[in-house]
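Presented below is the structure to which this report refers.
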Amino acid sequence: MNSEQLFEKSLQFVPGGVHSPVRSFKGLHTTPRFIKRANGAYLYDVDGKNYIDFCMSFGPLIHGHRSPQVEKAIKEAVENGWSYGACEPYSLELAEYICSRISFIDQIRFLNSGTEAVMTAVRLARGFTGKSKVLKFVGCYHGHLDSLLIKAGSGLAGVTAASSLGVTEQTTSETLTCQLNDKEAVEKIFAEFGDDIALVGIEPLPANNGLLEQDKEFLQFLRDITKKHESLLLFDEVISGFRIGFGGMSEYLGITPDIVTYGKVIGGGMPVGAVAARKEIMQMLAPVGGVYQAGTLSANPVAMAAGLANVKLLTEDFYSQLETQTKKITTIFQKWLNENGFEDYQILQKASLFWQVPATKKLKSEQEIPEHIGQRFSKLFEILLEKGIYLSPNAYEISFVSAAHDDEVVQEFEKRLWS
Ligand SMILES: *Cc1c(COP(=O)(O)O)cnc(C)c1O
């Protein structure tokens, strides 16, 4: 069966044919490609076509598909079994490695996704502070937990208000929202609710609704105001952690959050999330403290081995090389856009992340994103897909460059663009 037939069949057994909405190619005039294998920078579909992949599983695959070191670690781990429901050395090694390389983290707990990590961070903050409200920013996505599924992310862009049915008014009433990069709005919220805010959560590099890099002063301001009001500050580094640099945006900016959440790169393509903080906060978690959290498959040994192999490859040199490659790619892509009817597009880039958007300056909040960018994107996406180039299939999703995007791939990218 080809992709179209498989998708048709999927619609029968799976809602919308997909197990995560953004995979559905909604709003695009083509059906999702069914991928049968991948290697390096390439995806291979069941229709016999291959694509230079800039989605990279939405971020985790910083070393590309089937990175030899990660594959070796997975195979070795699997030989010993793949779930024990008991203590094992793999997760200890990963915990020690991360805590020793990121200065502000004393302890870490592994779970199965970014969503779980943030869910735990919210509960932890409430348990630690004894307060109840959380403040989030419009357009930031923190996973699909009820309390933060409000004015969130790309899969939901275009949908208004409480982002999802099934989220109760009671829940939304505990969640406050502000526009990104807007100090005054945050000040107002603190003036009104300051004593009751348990947590201010932000993607320190908002990257789920375009790429909306914040002024450092704004993030520092959040650090200061939360400290003043004894609220906790969460940096949700599920995308930016281990991506912008080993210690994510926190390290890059030199701003220390109270709690940090990781996902994506930390598991190297296996399902891993993590929540981390200084010891005083982490000691609130069960079995030490009164904040409950658990997981049958948490710290799965195969996923832990993959994660460890993945993060051990992340050196300073690695990041500068990756950024150099990304610059080459975005330069070529911008030139092609200029020559092919997308001259109003600019590419916003940060480290190995980029996003193409019809705008002339850097965007810092959801409000600044031009309206109705979906239709033009649809056209762009389909042209590129036809040429064997796979972007993340949504106008508000960013693209990811991996170590597998070497010079040979860059040349091939250029060739395919002008083919
Ligand atoms: C992807 C993402 C999440 C959710 O992670 P899942 O593993 O998809 O549950 C949360 N926060 C941010 C910033 C993300 O990018």
Side-chain angles (χ1 to χ4, degrees), residues 18-24 55-62 109-125 134-157 163-164 175 177 180 199-214 219 222 233-244 247-250 252 257 259-276 293 295 297-300 303 306-307 310 350-355 366 392-394 396-400:
V18 292
H19 298 280
S20 191
V22 82
R23 296 179 197 168
S24 71
C55 179
M56 297 315 276
S57 195
F58 292 100
L61 304 173
I62 198 166
R109 176 158 287 172
F110 297 116
L111 0 76
N112 303 295
S113 69
T115 298
E116 272 189 61
V118 177
M119 202 172 79
T120 301
V122 170
R123 192 179 304 130
L124 190 52
V134 297
L135 171 61
K136 81 171 289 276
F137 294 88
V138 178
C140 282
Y141 178 66
H142 301 289
H144 59 96
L145 59 157
D146 283 13
S147 62
L148 296 183
L149 204 49
I150 289 156
K151 300 189 176 169
S154 69
L156 303 155
S163 298
S164 173
T175 303
T177 59
L180 283 162
L199 183 75
V200 174
I202 189 168
E203 296 175 70
L205 178 65
N208 275 287
N209 189 40
L211 195 57
L212 305 172
E213 190 175 353
Q214 301 297 287
L219 295 168
L222 293 181
L233 177 65
L234 164 68
F235 277 180
D236 180 0
E237 301 234 42
V238 170
I239 282 189
S240 52
F242 309 99
R243 170 62 72 173
I244 299 308
M249 285 301 278
S250 314
Y252 175 82
I259 307 180
V260 62
T261 45
Y262 298 118
K264 301 195 170 104
V265 174
I266 200 174
M270 300 295 266
V272 181
V275 57
Q293 184 279 327
L297 295 175
S298 286
N300 172 273
N310 206 53
K350 183 76 182 172
S352 52
L353 309 173
F354 70 87
W355 183 48
E366 183 255 5
S392 301
N394 180 298
Y396 300 88
E397 286 286 347
I398 59 164
S399 289
F400 298 87

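All ligand and atom numbering here is 1-based and tracks the order in the structure.
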message = Going by the rule side-chain hydrogen bond (donor to acceptor under 3.5 Å, both in side chains), which residues pair with R123 if we only count those two or more places apart in sequence or in a different chain?
response = none
query = Any idea which heavy atoms bring I239 and A207 closest together, and the distance?
reply = CD1-O, 3.7 Å
side-chain hydrogen bond (donor to acceptor under 3.5 Å, both in side chains) partners of S399, counting only residues at least two apart = none
inquiry  = I'd like to know whether OH of Y252 has more than 12 heavy-atom contacts from other residues, nucleotides or ligands below 6.0 angstrom.
reply    = no
message = Under the rule for ring pair (Phe, Tyr, Trp, His ring centres under 6.0 Å), what residues qualify as partners of Y262, not counting sequence neighbours?
response = F242
request  = Please list, by chain and number, the protein residues whose heavy atoms come under 4.0 Å of ligand 1.
outcome  = S113, G114, T115, Y141, H142, G143, E203, N208, D236, V238, I239, K264
key: Closest approach of S392 to I398 (non-hydrogen atoms, all atoms of both residues)   = OG-O, 2.9 Å
